[in-house]
Student: 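I have a structure I would like to understand better, so I am pasting it below and will then ask my questions one at a time.
None of the values given here were measured: they were computed from a predicted structure. Heavy-atom basis, side chains included; hydrogens, waters and symmetry copies ignored. Remember, it's 1-based here, ligands and their atoms both numbered in the order they're listed.
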Amino acid sequence: MLLMGGKMSTTVDPAHAAAFDSRADYVAAVEQIRAAARDYYSGSTLAMDDATYDALIARVAATEAASPEWTVAESPTETVGAGGGVVGDVPHTTPMLSLDNVFDADGLTKWAARLDRILGRPAAGYTVEPKIDGLAISARYADGDLTQVITRGDGRAGEDVTGQARRAVGLPHRLAEPVTLEIRGEVFMTEADFALANELRTGHGEPPFAHPRSAAAGTLRAVDRAYSAPLSFFAYAVHGLDPAAHLSHAGAMGYVASLGVATTAGSAAGMPMCATIAEVVAAISHLDAARLTLGFGVDGAVVKADAAADRDDAGSSSRAPRWGIAYKFPADTRTTTLLRIEVQVGRTGVITPVAVLEPVQISGVTVTSATLHNFDDLTRRNVRAGDTVFVRRAGDVIPEVTGAKLDERPESSEPFTPPTECPRCGGEIDRSQKRWRCTRGRACGAHESLAYYTARTSMDIEGLGDKIIDLLVRAGLVTDPADLYDLDVATLKPLDRMGDVSAGKLVASIQGSKAQPFSRVLTGLGLRMTGRSMSRRLARHFVTMDALLAATIEDLQTVEGVGPERAVTIAAELVELRPVIDKLAARGINMTEPVDPAAAAAAAGDDDTATAAAAPFRKPDGAPMTVVVTGSVPGLTRDEGNEAVERLGGKSSGSVSKRTDLVVVGDGAGSKAAKAEDLGVPIMPADRFADLLAAHTAGDTARVATLLEEALPTPA
Ligand code: IVH
């Protein structure tokens, strides 16, 4: 039998949804919703992602508002459980209701105002707790013993799932006191248990679950399954307490916790008390920010009037209580098109399939690629290029493709053929483990990572070109950048035609690179999603490697240009590179960025003249000018030119637009110079730019000012 939870709900405000033009379209949508609702908890397949479901239900609601005469009986907008139709046979003592939804502070304020109107007085206070993304259940205790657990079903009657639910962590078999009551809450699977559940399932040759919620539902339904991952439980309500006690919601939850039951209030997310809606809004944004680090799925916040009197007086409609409201966060799973499957080889030789996606917004981030984990998984998930796939972004993890919509598969699609040799070095693949590896391991990618490390734009180690790197790697002398610093003349000499002198020079230039600034070390390490200018920005921001290593995902996001996805990648890369970083540090490589006193003065907000001299490419409001360098600047490489722009307080850019503040034009400049002229963007000749840089370095304030005045229009 299928389970029906009833937690389907809208994340699209019906007020903004488009009504259907015909009743036929409306009815078709209702049928789609019902089918999706039936599949919702059925296990490994997701019929529709939440956002699509929500959008559809919002359009149905909008249609019913516009043409009430079209409304079908038991419309999904009215029925708890969205009319999925499958109901258990155990009646609930009191109906298990749903919650109405809001999506922003405005909706919340309106809800609170309505509550105050109903009460005829301001509500005494609110609690804010996480909205757990799982399945609602009601747990009956008699004299302290857990006797029966029932799913919500249609809200009036549900299915008996006592057997499996007894395994849920947080739902004790015996309470601390011999009381008779009913505890309601959410059964769910933590992120870690979800990973375990899929290991177990795929190990038994079954397809993985697409989402922790389906995993929880599948596990709760599974009778007699020898293998299954743990379920968890958080209570959010209790029935059957003495009404005379007039317990507040927080008080009731405290009591439930004292009986030994896990509660949302006791979860990592907590349950702050708020006196005003402004405080509620702040608590919700705090929860939203922490959401990805909780280790379990939270799809919103639930705000409740705390006082017993407020709850009693507000009461409930047939669908939902008036004393509570769900504030929904954007969905963490969306669908998009899988454009192609690429194979990546990591630094340690691990070979992974990666999905290249049609860009899709998932909880505020644009996702363009996602992991497909490993080749076994890819085969089992039966995912192909061209498919419409489910993409999930949760926790501090890289986005993942969890499955494909098989009914939408293009006829022409072909199964993916896994590689037969290492795509990077052509070497053999070790398939003995789930994670395939190039048999050459770290040495497989050594050449590339060493070449990147020693390049002019990174550590700039002279004499260490491709050929020598190749010799060193082949001889097994070097597999990572830190090994370079262990080389001495005696080791180098036997290498292909290397004499005393050249070996000595090479050792000297390797050793000399130890003093390079931190930004160059960072560039050389080649963290994914960071190029040269991002490495410089990170180095300037954190100043030392230790500070960078200690940075949290949130800290990383305070750096300009670092969003959540990049922050997660940088953090993951630092973990992966940690052994090399430690090796470099042990060999005395400088990991501190010199603080430019001029820039520091500018940042400290000195007076105008000082600021102009300290950071000439900073606007009066302190924002960096956008500067494009095109053509050659005497004495500087292209990269050094860009570096100089940043040293002068500006932001270097590669293309000219209306928003460009200055274009530096040198020999060999092409279309960019012409475009700057067309757009009327100020131009500075490259030799003047070199002068400016020299004057700035020398601290010649007057000269800096003159050169700037020449190039830039004087403010009116
Ligand atoms: S209170 C009368 N609190 O969300 C209904 N519900 O969309 C009282 N849910 O049916 C529900 N976390 O399945 C409440 N902290 C929480 C919740 C929560 C998840 C679920 C629950 C509910 C659905 C409504």
Side-chain angles (χ1 to χ4, degrees), residues 3-11 37 40-41 50 53-54 57 76-77 79-82 84 92-103 107 111 126-139 149-156 158 161 165 168 170 182-189 212-213 216-217 220 232-239 249-250 252-253 256-257 261-273 280 283-284 287 291 294 296-306 311-312 314-329 331:
L3 271 179
M4 262 316 301
K7 64 162 296 307
M8 313 289 276
S9 48
T10 54
T11 46
Y40 193 58
Y41 289 121
D50 283 4
Y53 179 93
D54 289 343
I57 216 165
T77 60
T79 42
V80 172
H92 290 299
T93 49
T94 53
M96 286 188 80
L97 300 180
S98 191
L99 284 171
D100 287 329
N101 296 312
V102 293
F103 309 91
W111 165 77
Y126 313 90
T127 56
V128 177
E129 63 194 278
K131 185 170 188 306
I132 312 294
D133 194 7
L135 300 92
I137 56 111
S138 187
V149 182
I150 309 156
T151 65
R152 174 157 51 187
D154 67 354
R156 288 172 289 249
V161 288
E182 210 170 301
I183 288 172
R184 291 182 176 177
E186 206 84 351
V187 168
F188 64 98
M189 205 175 260
R213 192 205 308 117
L220 199 56
S232 299
F233 176 79
F234 282 141
Y236 53 64
V238 53
H239 291 246
H249 176 56
M253 289 298 99
V256 168
V261 181
T263 64
T264 49
S267 74
M271 188 175 76
M273 296 282 310
V280 169
I284 291 175
L287 175 63
R291 170 186 177 201
L294 294 173
F296 52 87
V298 167
D299 58 345
V302 180
V303 183
K304 297 172 183 173
D306 184 47
R311 293 153 68 91
D312 290 347
S316 301
S317 75
S318 65
R319 207 189 91 90
R322 295 190 191 89
W323 45 256
I325 192 85
Y327 182 111
K328 292 272 290 209
F329 295 145

Student: Tell me, please, which residues at least two apart from Thr93 pass side-chain hydrogen bond (donor to acceptor under 3.5 Å, both in side chains).
Tutor: Glu182
Student: Is the shortest N/O to N/O distance between Tyr236 and ligand 1 below 3.5 Å?
Tutor: yes
Student: With a 4.0 Å cut-off on heavy atoms, is Pro130 touching ligand 1?
Tutor: yes
Student: Looking only at heavy atoms, is any part of Lys131 under 4.0 Å from ligand 1, and if so is it the side chain, the backbone, or both, or is it neither?
Tutor: both
Student: Would you call Asp100 and Arg322 a salt bridge, using N to O less than 4.0 angstrom?
Tutor: no
Student: Considering both backbone and side-chain atoms of Pro321, is one of its nitrogen or oxygen atoms within less than 3.5 Å of a nitrogen or oxygen in ligand 1?
Tutor: no
Student: Over 60° means perpendicular and under 30° means parallel, so tell me whether Phe188 and Phe296 are parallel, tilted or perpendicular.
Tutor: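 The rings of Phe188 and Phe296 sit tilted, inter-plane angle from 30° to 60°.
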Student: Consider every N or O of Trp323 and every N or O of ligand 1, then say whether any pair is closer than 3.5 Å.
Tutor: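 There is no such contact.
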Student: Could a heavy atom of Arg184 be found less than 4.0 Å from some atom of ligand 1?
Tutor: no
Student: Just heavy atoms, cut-off under 4.0 Å: does Leu97 contact ligand 1 by side chain, backbone, both, or neither?
Tutor: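 Both backbone and side chain.
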Student: Below 4.0 Å from any atom of ligand 1, is there a heavy atom belonging to Lys304?
Tutor: yes
Student: For ligand 1, which is the ligand I care about here, please tell me if Val302 has any N or O atom under 3.5 Å from one of the ligand's N or O atoms.
Tutor: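 No.
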Student: Run the ring pair (Phe, Tyr, Trp, His ring centres under 6.0 Å) test against Tyr327 and tell me which residues pass, sequence neighbours left out.
Tutor: none
Student: Identify which of Val128, Thr264, Ile132 has a heavy atom lying nearest to atom 12 (N) of ligand 1.
Tutor: Ile132
Student: Within the distance-only criterion (no hydrogens, no angle test), does the side chain of His249 pair as donor or acceptor with the backbone N or O of Ala237 below 3.5 angstrom?
Tutor: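 Between the backbone of Ala237 and the side chain of His249 there is no qualifying donor-acceptor contact (under 3.5 Å).
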Student: Within the distance-only criterion (no hydrogens, no angle test), does the side chain of Asp299 pair as donor or acceptor with the backbone N or O of Lys328 below 3.5 angstrom?
Tutor: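 Not confirmed, Asp299 side chain does not pair with Lys328 backbone.
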Student: Would you say Arg184 and Thr94 make side-chain contact, with heavy atoms under 4.5 Å?
Tutor: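 Yes, side chains in contact.
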